[in-house]
Amino acid sequence: MLENFIIIDANFILLPFQFKIDYLYEIDAKLEGKTIFIVYKQILDELEAKTIREPEARKFHMNFKAGLLYLEKNNEKYNIDYKQNIKLKDDTTDNFLLKSCMELKNVSKRVFLATNDAELRRKANKMEVSTIFLRQKKYLSFD
């Protein structure tokens, strides 16, 4: 059976309420086979740190809380795997995500990085990692 691994970047966690997108459903519906969504502790920690750094950013706090609730609510419906991995001290989150993608590519050829970060998408494409991103604030695009 085909397995798809979707690594979710921080900006995707904020999508459901920022742009009214049910990304878990849309990704799952577009891909054949079993889809496993991966959320790393590193990404959640990064978002958590931003809420502490920017206590006045109410909209961000709201989107972050709503994004976590969205994941929690859909945990049974979709295969969401929370991994405890975090980056090494001298590493960047982008490198951490790219390395994680490459490790998963050894297990499955179908690995996607779900991110809206253009620079990270460019790096992923160079490494032959497929990406999923938001286009025109309403469509998910696969490349």
Side-chain angles (χ1 to χ4, degrees), residues 3-108 110-143:
E3 275 191 328
N4 306 294
F5 291 97
I6 316 297
I7 294 179
I8 299 175
D9 190 13
N11 51 47
F12 249 70
I13 290 174
L14 307 175
L15 280 186
F17 297 89
Q18 220 174 8
F19 299 108
K20 310 282 182 270
I21 293 212
D22 186 353
Y23 67 86
L24 295 172
Y25 168 78
E26 287 202 28
I27 292 170
D28 193 55
K30 281 195 173 117
L31 297 173
E32 244 181 82
K34 182 181 180 185
T35 301
I36 300 163
F37 295 93
I38 298 173
V39 179
Y40 287 108
K41 183 178 185 330
Q42 174 63 38
I43 298 304
L44 297 176
D45 286 355
E46 194 176 274
L47 289 167
E48 195 65 54
K50 185 172 178 174
T51 63
I52 293 163
R53 257 193 338 266
E54 300 175 26
E56 300 304 307
R58 286 194 182 87
K59 196 172 184 180
F60 171 79
H61 288 246
M62 207 174 62
N63 284 334
F64 178 43
K65 273 191 185 140
L68 289 177
L69 197 64
Y70 168 78
L71 286 171
E72 212 174 282
K73 215 174 75 184
N74 286 292
N75 210 4
E76 297 300 307
K77 194 174 182 182
Y78 299 102
N79 204 335
I80 302 173
D81 189 2
Y82 291 91
K83 296 203 176 283
Q84 293 303 307
N85 310 42
I86 56 171
K87 69 182 181 69
L88 299 171
K89 207 173 101 188
D90 300 332
D91 217 351
T92 64
T93 299
D94 284 6
N95 285 344
F96 167 80
L97 288 172
L98 294 168
K99 280 185 205 162
S100 302
C101 288
M102 295 314 288
E103 287 168 14
L104 278 171
K105 278 187 82 149
N106 293 330
V107 177
S108 169
R110 299 172 60 87
V111 175
F112 298 84
L113 178 57
T115 183
N116 289 320
D117 181 327
E119 183 59 29
L120 182 54
R121 282 186 19 232
R122 237 186 323 280
K123 289 177 187 171
N125 288 334
K126 274 187 188 161
M127 297 170 81
E128 296 179 5
V129 171
S130 301
T131 58
I132 301 170
F133 59 98
L134 187 65
R135 181 168 284 180
Q136 297 171 345
K137 297 184 180 178
K138 56 182 164 211
Y139 306 107
L140 288 184
S141 206
F142 291 69
D143 76 10

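Just so you know, these numbers come straight off a predicted model, no measurement behind them.
- Among residues two or more places apart in sequence or in another chain, the side-chain contact (heavy atoms from CB on, under 4.5 Å) test is passed with Thr51 by Glu48, Phe60, His61, Phe64.
- Interatomic distance, CD of Gln18 versus CE of Met62, reported as 10.0 Å (0.5 Å rounding).
- For residues 34-56, every residue pair satisfying the ring pair (Phe, Tyr, Trp, His ring centres under 6.0 Å) rule, not counting sequence neighbours, is listed here: Tyr40-Phe96.
- For Glu76, the side-chain contact (heavy atoms from CB on, under 4.5 Å) criterion is met by no residue, not counting sequence neighbours.
- The salt bridge (Lys or Arg N to Asp or Glu O under 4.0 Å) check on Asp22 picks up nothing, with sequence neighbours excluded.
- The number of heavy atoms from other shown groups lying within 6.0 Å of OH (Tyr25) does not exceed 12.
- Taken to the nearest 0.5 Å, the OG1 atom of Thr35 stands 8.5 Å off from the CG atom of Asn79.
- Asp28 and Lys77 are not joined by a salt bridge, as no carboxylate oxygen comes within less than 4.0 angstrom of a charged side-chain nitrogen.
- Separation of atoms CG (Asp90) and CG (Asn95) is listed at 11.5 Å; rounding is to 0.5 Å.
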_Please determine whether side-chain contact (heavy atoms from CB on, under 4.5 Å) holds for the pair Ile6 and Leu31, giving the CA-CA distance in whole Å, both sets of side-chain angles, and the decisive distance to 0.1 Å._
CA-CA 11 Å; Ile6 316 297; Leu31 297 173; 3.6 Å; yes

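- For the pair Ile13/Leu44, a side-chain contact is recorded, criterion being any heavy-atom separation below 4.5 Å from C-beta on.
- A donor-acceptor contact closer than 3.5 angstrom is absent between the side chains of Ser108 and Glu3.
- Using a 4.5 Å heavy-atom cutoff, the side chains of Leu104 and Ile38 are in contact.
- In terms of the side-chain contact (heavy atoms from CB on, under 4.5 Å) criterion, residue partners of Arg58 (sequence neighbours excluded) are, by chain and number, Glu56.
- Residues passing the side-chain contact (heavy atoms from CB on, under 4.5 Å) test with Lys41, sequence neighbours excluded: Asp45, Gln84, Ile86.
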